[in-house]
Amino acid sequence: MRSQYLIVGLLAVAMAGCASGGSQSPAGGSNRASPSPSAPTSTEPLVILGVRVHWDGAQCSYEGPMVIRAGTTTRFEYTFDEGLDAPLLVVAGARPGTTWEMVVEATQTYRASEVPPWAIVTGIATIQAGTSALYPVDSDIAGEAVGGYFVGCATAPISDGGTDVMYPAALLLISGP
């Protein structure tokens with residue numbers, strides 16, 4: 001029997017971590033996603049890679065590099081077509097060996113409120129539509145090796161009046177340190 005966790009609870013934990021590093025803000029604002037990036041040294045400037053995720057009402061799309069260097073702080077900007085109720089943007093660590101085919105299969109098999117076996121539970125962060133968040137892309141999350149990062153849009157669980165669907169956008173790979 002596969003182990004299933006409700007993303008809703010996990011998202012609440014991830015968002016609680018966000019609250020300590022930043023705050024929710026109105027459209028166009030920013031919040032910091034958990035886990036928090038390590039502070040740069042005084043001789044090491046903070047370089048932020050900007051990527052964009054967009055919801056058009058039927059598809060979640062990603063604009064940015066498909067390979068990101070480990071240790072890069074990434075700003076995920078999440079936009080949506082005007083007049084839509086957009087789902088949450090989900091950024092989740094993926095275990096080494098995770099493929100795009102595995103991601104697509106999981107989005108067809110699992111509800112958005114379930115975590116597939118390749119996802120790293122402690123590496124899940126959510127971002128509200130119309131905002132952006134800083135997220136450290138690294139090769140390790142809480143001592144667990146990361147092979148990449150899943151990026152997708154997730155509707156609310158059925159119990160909350162949503163459709164409980166995950167729309168995949170990208171599987172980002174991690175390059176060396």
Side-chain angles (χ1 to χ4, degrees), residues 2-15 17-18 31-37 49-56 58-80 86-129 131-157 162-176:
R2 68 178 185 232
S3 156
Q4 298 178 355
Y5 300 94
L6 289 180
I7 271 191
V8 175
L10 299 172
L11 300 181
V13 170
M15 292 310 289
C18 294
N31 50 352
R32 174 171 273 180
S34 178
S36 299
L49 171 67
V51 301
R52 182 174 181 243
V53 180
H54 183 79
W55 173 251
D56 68 7
Q59 182 176 339
C60 189
S61 60
Y62 170 84
E63 294 177 26
M66 296 303 291
V67 178
I68 298 179
R69 186 172 182 81
T72 301
T73 298
T74 306
R75 177 180 298 280
F76 285 87
E77 178 185 348
Y78 184 28
T79 61
F80 59 102
L88 289 173
L89 170 63
V90 175
V91 179
R95 290 184 170 82
T98 301
T99 64
W100 179 247
E101 291 76 19
M102 292 166 70
V103 166
V104 170
E105 179 184 343
T107 60
Q108 294 170 352
T109 305
Y110 291 82
R111 294 183 178 279
S113 59
E114 299 173 332
V115 179
W118 50 259
I120 300 172
V121 176
T122 57
I124 296 175
T126 61
I127 304 166
Q128 292 181 349
T131 67
S132 64
L134 293 178
Y135 191 87
V137 172
D138 217 333
S139 58
D140 178 280
I141 295 176
E144 187 166 353
V146 177
Y149 284 82
F150 164 78
V151 179
C153 301
T155 62
T163 57
D164 209 8
V165 175
M166 181 68 75
Y167 298 86
L171 178 63
L172 309 178
L173 300 177
I174 306 302
S175 67

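These figures come from a predicted structure and were not determined experimentally.
The two residues Phe76 and Leu89 come nearest to each other via the heavy atoms CB-CD2, 4.2 Å. Between Val51 and Pro65, the shortest heavy-atom contact is CG1-CD, 3.9 Å. In terms of heavy atoms, Cys60 sits closest to Tyr167 at CB-O, 3.5 Å. Counting all heavy atoms, side chain and backbone alike, Val90 lies closest to Ala154 at CG2-CB, 3.8 Å. Here the closest non-hydrogen pair linking Ser132 and Arg75 is OG-NH1, 3.1 Å. Shortest non-hydrogen contact noted between Gly148 and Ile174 is CA-CG1, 3.9 Å.
The side chain to side chain donor-acceptor pair (under 3.5 Å) pairs that include a residue from residues 139-155 are Arg95-Glu144, Thr155-Thr163, where partners are two or more places apart or lie in different chains.
Legend: residues meeting side chain to side chain contact (heavy atoms under 4.5 Å, CB included) with Ala156, ordered by chain and number and at least two apart, are Asp160. With sequence neighbours excluded, the residues that form a side chain to side chain contact (heavy atoms under 4.5 Å, CB included) with Thr72 are Leu49, Ile68, Arg69, Thr74.
Residues Val146 and Asp138 fail the side-chain proximity criterion, which asks for heavy atoms closer than 4.5 Å. Side-chain atoms of Tyr78 and Pro87, non-hydrogen and from C-beta on, do get closer than 4.5 Å to each other. With a 4.5 Å cut-off on side-chain heavy atoms, Thr98 and Phe150 do not count as touching. Within the 4.5 Å cutoff, side-chain heavy atoms of Val103 are placed close to those of Trp118. Side-chain contact between Met102 and Thr99: present, with at least one pair of heavy atoms (C-beta onward) separated by less than 4.5 Å.
Rounding to the nearest 0.5 Å gives a distance of 9.5 Å between NE2 of His54 and SG of Cys153. One finds the CD1 atom of Ile120 at 4.5 Å from the CD1 atom of Ile141 (value rounded to the nearest 0.5 Å). For the atom pair Met66 CE and Leu171 CG, the distance stands at 7.0 Å (nearest 0.5 Å).
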* Decide yes or no on side chain to side chain contact (heavy atoms under 4.5 Å, CB included) for Tyr62 and Leu172, but give the supporting numbers first. => CA-CA 10 Å; Tyr62 170 84; Leu172 309 178; 3.4 Å; yes
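For Asp164 (side chain) and Arg111 (main-chain N/O), no donor-acceptor pair under 3.5 Å exists by modelled atom type.
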